[in-house]
Amino acid sequence: MKDQIKKAMQHNQIRDIMYMDKNNRITKRRIKVLKIAGDTFQAYCFVRRANRTFLIGNVLAIMPVVEKERGVV
């Protein structure tokens, strides 16, 4: 998981994550990774509109953001 987070940071990519918070609730977050330090990473969370610190071990899944292109027909 750490490698995927690191790759997202290096390529300046936005990712969706499934995350277990401190109360064991599973949440979906859209993030942009800013910094990795040990077992945690800092990211801008688009859901909370603020920088947040996440535990790498609590990330259940990380997925690329796929946006459909809109075309004029």
Side-chain angles (χ1 to χ4, degrees):
M1 196 64 66
K2 190 172 185 175
D3 290 337
Q4 291 175 325
I5 295 167
K6 189 175 184 179
K7 184 177 176 182
M9 182 182 73
Q10 290 171 339
H11 294 285
N12 203 27
Q13 296 172 328
I14 296 172
R15 300 287 180 162
D16 284 333
I17 62 170
M18 298 301 290
Y19 186 77
M20 188 181 325
D21 69 13
K22 63 183 175 185
N23 297 317
N24 294 325
R25 290 181 301 223
I26 296 174
T27 63
K28 182 179 177 184
R29 305 288 184 95
R30 183 160 287 180
I31 62 164
K32 182 175 180 181
V33 182
L34 305 172
K35 178 179 166 183
I36 301 172
D39 294 335
T40 64
F41 66 96
Q42 290 181 358
Y44 179 79
C45 177
F46 291 92
V47 174
R48 301 286 188 234
R49 294 184 180 148
N51 289 346
R52 295 286 196 226
T53 300
F54 297 93
L55 291 169
I56 293 172
N58 285 10
V59 176
L60 305 173
I62 184 167
M63 300 146 292
V65 174
V66 178
E67 295 185 28
K68 295 180 182 178
E69 288 188 30
R70 294 183 182 188
V72 177
V73 179

Worksheet item: Closest heavy-atom contact between Ala43 and Val33?
Response: CB-CA, 3.9 Å

Discussion item. Nearest 0.5 angstrom please: Thr53 OG1 to Lys35 NZ, how far?
Written reply: 9.0 Å

Fill in: Minimum-distance pair of heavy atoms, taken over all atoms of Ile56 and Met1
O-CG, 4.4 Å

Fill in: Asp39 atom CG: more than 12 heavy-atom contacts under 6.0 Å
no

Discussion item. Quick check for you: to the nearest 0.5 Å, what is the distance between Ile17 atom CD1 and Ile31 atom CD1?
Written reply: 4.0 Å

Discussion item. For Arg30 versus Val47, what's the shortest heavy-atom pair and its separation?
Written reply: N-CG2, 4.0 Å

Worksheet item: What distance separates Ile62 CD1 from Ile5 CD1, expressed to the nearest 0.5 Å?
Response: 5.0 Å

Item to complete: Look up atom CD1 in Ile36 and atom CD in Gln10, then write down how far apart they are to the nearest 0.5 Å.
Response: 7.5 Å

Worksheet item: Between the side chain of Tyr19 and the main-chain N/O of Ala61, is any donor-acceptor distance below 3.5 Å?
Response: no

Worksheet item: Between atom OH of Tyr44 and atom CZ of Arg52, what is the distance when rounded to the nearest 0.5 Å?
Response: 10.0 Å

Fill in: Atom of Asn58, atom of Asp21 and distance for their closest heavy-atom approach
ND2-O, 4.5 Å

Practice prompt. Output the distance between atom CE (Met63) and atom CZ (Arg15), rounded to the nearest 0.5 Å.
Written response: 10.0 Å

Worksheet item: Parallel, tilted or perpendicular for Phe54 and Phe41, by the 30°/60° rule?
Response: parallel

Fill in: Taking every non-hydrogen atom, the tightest pair across Met9 and Leu34
SD-O, 3.7 Å

Worksheet item: Ignoring hydrogens and geometry, is there a side-chain-to-backbone donor-acceptor pair from Lys7 to Gln13 under 3.5 Å?
Response: no

Fill in: Heavy-atom closest contact (Met18 atom, Ile26 atom, distance)
CE-CG2, 3.8 Å

